[in-house]
There are 2 protein chains.
Amino acid sequence: MEFNEKQIDILLAAERLFATKGFDGTSVRDIAQEANVNVAMINYYFGSKDKLLDTFFEWRVPDFMINVDELSLVGSALDKVDVMVDRYVKSMNSHRKLYRVIAIESTLKQRMLISEAFKKLKIHNLEVIASIINSGIAEGVFKTGNDPILIHSMMMGTFMNFQMNQVFLQEQLGIADDDGYGQYIETTLTEFIQKTIKALLTYEK
Amino acid sequence: MEFNEKQIDILLAAERLFATKGFDGTSVRDIAQEANVNVAMINYYFGSKDKLLDTFFEWRVPDFMINVDELSLVGSALDKVDVMVDRYVKSMNSHRKLYRVIAIESTLKQRMLISEAFKKLKIHNLEVIASIINSGIAEGVFKTGNDPILIHSMMMGTFMNFQMNQVFLQEQLGIADDDGYGQYIETTLTEFIQKTIKALLTYEK
DNA sequence: AGCAAAGTTAAACAAACGTTTAATTTAAAC
DNA sequence: GTTTAAATTAAACGTTTGTTTAACTTTGCT
């Protein structure tokens, strides 16, 4: 599916507004104004407000994918954890708005048209984590009995918590601006998640 | 602040709807129907839809508080972690709807009237975690250099991730119904978070 | 140049929104 | 029993909502 310049303007405007005000809190006139287009253009190009959301998710699916296939290249299982977490956080952090929209709307809209595509990607990501755990067990470094689903939930949840509570956390951490917050996520938070997963996978009992 | 039976009906109906459809996705007529009252009663008792949300949060503040004061009674720092996590998860799990509403609306509404109260409680909870870490360091069991904010974010984020992605996770974990999901959270997920924090705090380097 | 399709616009549409009104019923006080 | 306040109702209020219309402009093709 390809979009012209004006359609992309609308999609980007919608993303900005959905991420800050939510889908239901955003009117098509808001989107039209933000994108500098006539209100009717949205229905002309996308059919309806609901279909715009569907199309938006469809459009962003590639950005939701996290490329961890080269993980097999790096050496030890401990290093694999570091690389995986780094890729995850960098990818999510560079698409903060998308992840905010997904987080908010996927909980509200019980049946998203596009959720199947996201599901597949999630399942693939779970398999990557499982393979890292198994390679670590084979190396004799990781303990057995750790569920990839729980580790994935911990990683995603910790990151998303930083997205959803930015105002509170930014103040608590004494960070001045949004850029500084993004930097904190890519350094300190990344290291924390890496350390947590490695600690968990090597923990006795 | 005290409420009569009809006001509580409205607050409970609002909670149910806000948790599933969000504030903007819920109309006052929806709430009135869910609570079996006339539409005008909502404005009569609460002034406006916005003030209803404020009042709802105010009403639920006590349920947002997590009682961890008796933590000092239990023995080792490792046990304190177990007790704290257990209290946290049990409290959050018994007020799932409230936590969903907070999670969704606190990100959208940039300035909630009640957010100061929640902030205070969060800060208090952070102090409890800090004291547990310090007692563990004094015992010689925990390593230094762990930020309570990050541990708190991990715990909350992991739990919230289970709230926000219930459909996906319930299917992946092969859990039949909502009760089973709640049970999983109170057993397996609780143990996972406990283990993760203890692993992290005792992790070398 | 002429024509058909695509793009663009302001205006209008009905429906839903939050809120208010005015009339009526219920409850409490004297 | 009468009076006064609180509770409750159906109806209407003016806006805003998502969407459509119909007229107009631009574009691309022969």
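Keep in mind that the numbers below use all heavy atoms, side chains included, and drop hydrogens, waters and symmetry copies. Here is the naming used below: chain letters follow the sequence lines, and residue numbers restart at 1 for every chain.
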Less than 6.0 angstrom from the centroid, inside 45 degrees of the normal: does A/K49 satisfy that with respect to the ring of A/F23? yes
Counting side-chain heavy atoms from CB outward, which of C/dC17, D/dT8, C/dT9 is closest to B/K6? D/dT8
In whole angstrom, give the distance that lies between atom CG of B/N4 and atom P of C/dA27. 13 Å
Do A/F118 and B/F168 have ring centres separated by under 6.0 Å? no
Determine: side-chain N/O of B/S27 to OP1/OP2 of C/dC17, distance under 4.0 Å, yes or no. yes
Rounded to whole Å, how long is the line connecting atom CG of B/L17 with atom P of C/dC17? 12 Å
Donor-acceptor side-chain pairing of A/S131 and A/N134 below 3.5 angstrom: no
Whole-Å distance, B/N38 CG to C/dT21 P, equals 16 Å
Result of checking B/R100, B/R60, B/H95, B/K97 against B/E15 for side chain to side chain donor-acceptor pair (under 3.5 Å): B/R60
Separation of C/dC17 C1' from B/I31 CD1 (nearest whole Å): 12 Å
Nucleotide nearest A/R29 when distance is taken to its side chain, options C/dT20, D/dT17, D/dA12: D/dT17
Atom-to-atom span, CG of A/D30 to P of D/dT15 - whole angstrom: 18 Å
Do any of residues 41-50 of chain B sit with a heavy atom less than 4.0 Å from DNA chain C, and if so which? B/N43, B/S48, B/K49
Between C1' on D/dT9 and CD on B/Q33, what's the gap in Å once rounded to a whole number? 16 Å
Output the rounded distance in Å from CD (B/E5) to P (C/dA27). 13 Å
Any A/T188 side-chain heavy atom under 4.5 Å of A/L173 side chain: no
On DNA chain C, check which nucleotide each of A/V39 and B/V39 is closest to and give me the residue with the more 5' one. A/V39
Take A/D178 and A/Q166 through the test side chain to side chain contact (heavy atoms under 4.5 Å, CB included) and record every step on the way to the result. CA-CA 9 Å; A/D178 193 71; A/Q166 177 166 355; 2.7 Å; yes
Ion pair check, B/D82 and B/K198, cut-off under 4.0 Å: yes
For A/L53 and D/dT19, what is the distance between atoms CG and C1' respectively, to the nearest whole Å? 17 Å
